[in-house]
Protein chains: 2
Amino acid sequence: MDEQPEARAWRSLVTAVLVLEEALDRQSQRDGGLPHAYFSLLVFLYETPGHRLPASELAARLRHSPSRLTHAVTSMEKSGWLARERSATDRRVQIVALTEAGSRLVRRVSPRQATEVRAVALSRLSPQQVGQLEEISTAIVAALDERDAD
Amino acid sequence: MDEQPEARAWRSLVTAVLVLEEALDRQSQRDGGLPHAYFSLLVFLYETPGHRLPASELAARLRHSPSRLTHAVTSMEKSGWLARERSATDRRVQIVALTEAGSRLVRRVSPRQATEVRAVALSRLSPQQVGQLEEISTAIVAALDERDAD
DNA sequence: CGGGAATAGTTGAGATCTCAACTAAGTTGG
DNA sequence: CCAACTTAGTTGAGATCTCAACTATTCCCG
């Protein structure tokens, strides 16, 4: 039995992950009618100069598999929020571009999105803890990324 | 926009959540042939006296919706890892019980499960940060739980 | 140059998850 | 005592995600 600090921290973290995912999805679903992962994709494009990116770069930035990205893009293309453009220089490449409707969705939803779940989730943390959280999250991602590189 | 500490912490956290979920699922899938959420359910029953619990209590403890629990139980019943028993005192209640095969799976996988992803994910954290992580995670869950209570 | 390797993305099947609608069983106030 | 309400769980449809197999294009080296 290891009820060490690590085990306790681990349990809390896994629970927090679960609860957070759920809260994010619910809010995104309610505000915009799409899952959080999809909305994040739109926001990412929105913040990109030109509102467009090659699919593979988008996938890498969002840490999505190629397949996952294809399915997501296909779905959101049907919804009219983004469009595919074939690259002129490399015909393998699909450029994923935000449409005007997609931009409108981001502008409409983002202000609430940015504040609501986040504000609640972080509401009980001191400014110090917010700083700690960033460092810890970054370290976790770095550690797991490094392992994947094997 | 606000590139405040909160926004940065939030981004890191969301990324960490994504990466963690993926790592957990991959390991669980590889070691036991089932998703992390399913494996957690088996572990939870394994740690419960009698290796059985009413479905609604299981759902509450794991923070799963009734529907999600039903689907999970149905799937794992087919795999032979757990079984349903109808309660004698309240015929609405389904008792979910770990089978011998389920116990064996937990015993076989759990030692690696407990250490591998966890060890990697936490490897870059100082003992202090591990403590901070637990406090922060707990605070986040509490904050979101309280909101849900509305 | 040419053919194999790498890269980019797609596809379809199967699994899980959510949501809403539903059945069944127990509880309770008038 | 019984109709309305609550609680427990199921069901099926639809959406997303994973995984493996596949096509198309480009790169690279002998």
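Here is the naming used below: chain letters follow the sequence lines, and residue numbers restart at 1 for every chain.
- B:Arg92 and B:Ser87 share no side-chain donor-acceptor pair at under 3.5 Å.
- Through direct or indirect side-chain contacts shorter than 4.5 Å among Ile, Leu, Val, Met, Phe, Trp and Tyr, B:Leu18 is connected to no other residue.
- Shown for residues 66-81 of chain B: residues whose heavy atoms fall under 4.0 angstrom of DNA chain D, namely B:Pro66, B:Ser67, B:Thr70, B:His71.
- Distance check: B:Leu105 CG to B:Glu100 CD gives 11.5 Å after rounding to the nearest 0.5 Å.
- By the salt bridge (Lys or Arg N to Asp or Glu O under 4.0 Å) test, A:Glu135 is found to be paired with no residue, residues two or more places apart in sequence or in another chain being considered.
- Qualifying side-chain contact (heavy atoms from CB on, under 4.5 Å) partners for A:Ala55, counting only residues two or more places apart in sequence or in other chains: A:Leu69, A:Gln94, A:Val96.
- Remark: A:Ala16 engages B:Ser137, B:Val141 in a side-chain contact (heavy atoms from CB on, under 4.5 Å) (not counting sequence neighbours).
- Qualifying salt bridge (Lys or Arg N to Asp or Glu O under 4.0 Å) partners for B:Arg91, counting only residues two or more places apart in sequence or in other chains: none.
- Using a 4.0 Å heavy-atom criterion, one finds that A:Arg84 contacts the sugar-phosphate atoms exclusively.
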Give me, pair by pair, the N or O atoms of the protein and of nucleotides 2-7 of chain C that are less than 3.5 Å apart, along with how far apart they are.
{"from": "C:dT7", "atom 1": "O2", "to": "A:Arg92", "atom 2": "NH1", "distance (Å)": "3.0"}

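- Using a 4.0 Å heavy-atom distance criterion, A:Asp25 is classed as making no nucleic acid contact.
- Hydrophobic cluster of B:Ile95: the remaining members, joined at side-chain heavy-atom separations below 4.5 Å, are B:Val93, listed by chain and number.
- For B:His36, there are no ring-ring contact (aromatic ring centres under 6.0 Å, His included) partners, not counting sequence neighbours.
- Taking the 5' to 3' direction, DNA chain D first and last meets chain A under 4.0 angstrom from a heavy atom at D:dT16 to D:dT26.
- A search for salt bridge (Lys or Arg N to Asp or Glu O under 4.0 Å) contacts involving A:Arg30 returns A:Glu116, not counting sequence neighbours.
- A heavy-atom distance below 4.0 Å to DNA chain C is reached by these residues of residues 36-63 of chain B, ordered by number: B:Ala37, B:Tyr38.
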